[in-house]
Amino acid sequence: MPNAYAAVPSFLQWSHLVFSRLNARLEQESAEDIIAWAVETFGPGLAVGTSFGASGLVLVDLVLRVQPDADIFYIDTGFFFPETETLIAQVQDHYQRSLRRVTPALSVEAQGAQHGPALYQRDPDMCCYLRKVEPLQTALDGSTAWVTAIRRDQASTRRRTPAVVWNERYAVVKVAPLIHWQEAEIWQYIHSHKLPYNELHDRNYPSIGCWPCTRPVQSGEDLRAGRWQGQDKVECGLHLVR
Ligand code: SF4
């Protein structure tokens, strides 16, 4: 019988001091170097999440240059725009490989039957919990590190994102290689590497999530101003809890 404790990785015991030393070092390094460090440190325990936004596409490309068979997953909330569905097919075609699709426990229809219709209007926090926060636990089951594409310039809630941090909720090390990137650099990378991207970006949707909660933005607005418009909500919850 395998010894369950033998599989417990040492980074579960990393102290605050370890994280602070790591951040002092990784803070100075490029996204490519942070990714190389993460691949070497976590090996097959590394899981890379993308929602196919512009940053998520850059992250996938950078990771696959280092680790072509990396575990890349996305959460299909059931509320993707048709343009996002098209992009997912394009990305898989571009890299000639499939990405791991994770779905919520309840289908959109089952959620409607259980919680009533349009939960995203009445209780978007609950809707995000059921369709994003819970499925992320499934996505990260068996993983020791979660690599994410969040950047400090995206929103005030993300300004202090560290390169690496222990994530209590999912019991993984969360790695954010793109913290220093700016929107313009992301787009320069996408265009220079000819990456596919969501055509909604060309129609004033800088940040794209589920269709019921995403609107185009006006000139000068925050990048995420089109998310949950009219609601007192700026994050889906995935990145609020460390
Ligand atoms: S973004 Fe909107 S539709 Fe998507 S899970 Fe959250 S509340 Fe539901």
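Ligands are counted one by one from 1 in listed order, and the atoms in each one are counted from 1 as well. Since we're looking at a predicted model, the values are computed, not measured.
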Out of all atoms in ligand 1, which are within 4.0 Å of some heavy atom of Lys132? Include the element for each.
1 (S)
Centroid-centroid distance, Phe42 to Trp37, less than 6.0 Å:
yes
Quick check on ring-ring contact (aromatic ring centres under 6.0 Å, His included): which of Trp187, Phe52, Tyr205 does Tyr197 satisfy it with?
Trp187
Contact check: Cys213 to atom 8 (Fe) of ligand 1, N/O/S below 2.8 Å:
no
Within the 4.0 Å heavy-atom shell around Pro124, which atoms of ligand 1 are there?
7 (S)
Side chains of Tyr189 and Asp61 only: does a donor on one sit below 3.5 Å from an acceptor on the other?
yes
Report yes if some heavy atom in the side chain of Asp153 is under 4.5 Å from a heavy atom in the side chain of Glu183; otherwise report no.
yes
Proximal ligand 1 atoms for Arg131, defined as those under 4.0 Å from one of its heavy atoms:
5 (S)
Phe79: numbered ligand 1 atoms lying under 4.0 Å from its heavy atoms:
3 (S)
State yes or no: are the ring centers of His16 and Trp166 separated by less than 6.0 Å?
no
